[in-house]
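Predicted, not measured: the structure shown is a model, and the values here were computed from it. Within every chain, numbering begins at 1; the chains are lettered A, B, ... in the order of the sequence lines, protein sequences first and strands thereafter.
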2 protein chains.
Amino acid sequence: MKKDKLGAIRLTEQRKVILEELKQLKTHPTADELYFIVKKILPKISIATVYRNLEALSAAGYIIKIKSAGNQKRFDGNMQEHTHIRCIKCNKVRDIEDKIELPEKYKNLKTDFNIIGFNIDLYGICPNCL
Amino acid sequence: MKKDKLGAIRLTEQRKVILEELKQLKTHPTADELYFIVKKILPKISIATVYRNLEALSAAGYIIKIKSAGNQKRFDGNMQEHTHIRCIKCNKVRDIEDKIELPEKYKNLKTDFNIIGFNIDLYGICPNCL
DNA sequence: TACTTATTAATAATAACTACTATTAACTTT
DNA sequence: AAAGTTAATAGTAGTTATTATTAATAAGTA
Ligand SMILES: [Mn+2]
Ligand SMILES: [Mn+2]
Ligand SMILES: [Zn+2]
Ligand SMILES: [Zn+2]
């Protein structure tokens, strides 16, 4: 079985197209937005397949799932570490080139949780909504 | 970042109880969790009233709405600036006393968005899920 | 008081997933 | 290659968390 080094998932035709199309976008689409894009290439694809595979691809580490933008999840094919800014009006997400680092002094915060990582995102208003 | 002045909403009995109960908790409850707590004091309250008023109270600046913890929103009556850590297994949210500041060098990020503020939250595994 | 507006409880409706099922495709063993 | 086994898919049903509607009630105002 030809499995990829990232996670153990098989890259089916549907998954390949979802992944390729997502990687070409800078827009952080929602599942349904990506469904309409992918449907141009695979007209018979089911929306459930898109949802299922966006989940599978993010679990396997191929893509990023952005949960904090409105009530819909958004997806990102750009695996470079980078920061996002989200529009509080329309929930669109834009990349910010700079990778924001957490200052040293916050490396050992007092908590009984086992710290794995952190998330920084900015929020504001996009040019379109201004 | 910026504290809004409290909006003008009428504090009905239901709203007072929701607010008081929420402020006594350190647990960042979901709407339905808070519904069961409030029901002990106001047994006839409707769950829709809890949802509606959590929205109203957060819009008016009385409470904080935490959107990035799983698929349910969580609410926080603690209006002191503070940071959260979220358990990636059970989505519970815990306070971290320290207020994390965005380093100076990130004050001038290159973006065409109108930056309003930023969010930092940590994630990890809570003692219960370990 | 009479009128107007806001809020409520109860319930219906919605949005965004998520699970199920029968079918097909891919891999493994014979 | 054939048969057996497992994984993935399309289509659709079901679920969950929230949001809208509605008729009744409470609060604010003239
Ligand atoms: Mn991005
Ligand atoms: Mn808190
Ligand atoms: Zn916008
Ligand atoms: Zn936990």
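- As a whole-Å value, the separation of B/Ile47 CD1 from D/dA20 P is 16 Å.
- Proximity of B/Tyr51 to the phosphate of D/dT18: a side-chain N or O atom is located under 4.0 Å from OP1 or OP2.
- Ion pairing between A/Lys99 and A/Glu101 holds under the 4.0 Å rule for side-chain N and carboxylate O.
- The side chain of A/Gln72 approaches C/dC17 more closely than any other nucleotide in the set D/dT9, C/dT8, C/dC17.
- Between the NZ atom of A/Lys44 and the P atom of C/dT24 there is a distance of 12 Å, rounded to whole Å.
- Using a 4.0 Å cut-off between charged side-chain N and carboxylate O, A/Glu21 and A/Lys40 make no salt bridge.
- Nearest-nucleotide positions on DNA chain D place A/Ser46 closer to the 5' end than the other of B/Arg10 and A/Ser46.
- Protein atom NZ of A/Lys16 is 12 Å distant from nucleotide atom P of D/dT9, rounded to whole Å.
- We find that A/Asp76 and A/Lys65 are not joined by a salt bridge, their nearest charged nitrogen and carboxylate oxygen being 4.0 Å or further apart.
- Contacts of B/Asp32 with the nucleic acid, taken as non-hydrogen atoms under 4.0 Å apart, are absent.
- Proximity of B/Thr49 to the phosphate of C/dA9: a side-chain N or O atom is located under 4.0 Å from OP1 or OP2.
- Between the NZ atom of A/Lys65 and the C1' atom of C/dA16 there is a distance of 13 Å, rounded to whole Å.
- The CG-P distance, from A/Leu42 to D/dA8, rounds to 16 Å in whole Å.
- When distances run from any side-chain atom of B/Lys73 to the nucleotides D/dT9, D/dT19, C/dC17, the shortest one goes to D/dT19.
- For the pair A/Arg52 and D/dT9, the criterion of a side-chain N or O lying under 4.0 Å from OP1 or OP2 is met.
- Between A/Thr12 and D/dT9, a side-chain N or O to OP1/OP2 separation shorter than 4.0 Å is present.
- Scanning both residues, A/Arg74 and A/Thr27, for their nearest heavy atoms gives NH1-O, 4.1 Å.
- Computed from coordinates, the B/Arg74 CZ to D/dA17 P distance equals 11 Å when rounded to whole Å.
- Nearer to the 5' terminus of DNA chain C, by closest-nucleotide assignment, is the contact made by B/Ile45 (compared with the other of B/Ile45 and B/Asn71).
- Computed from coordinates, the A/Tyr35 OH to C/dC17 C1' distance equals 15 Å when rounded to whole Å.
- Residue A/Gln14 places at least one side-chain N or O under 4.0 Å from the OP1 or OP2 atom of D/dA10.
- A/Ala31 comes within 4.0 angstrom of no nucleic acid atom, judged by non-hydrogen atoms across all strands.
- Between A/His28 and A/His84, the two ring planes are perpendicular [angle over 60°; tilted spans 30° to 60°].
- Between the CD atom of B/Glu33 and the C1' atom of D/dT16 there is a distance of 15 Å, given to the nearest Å.
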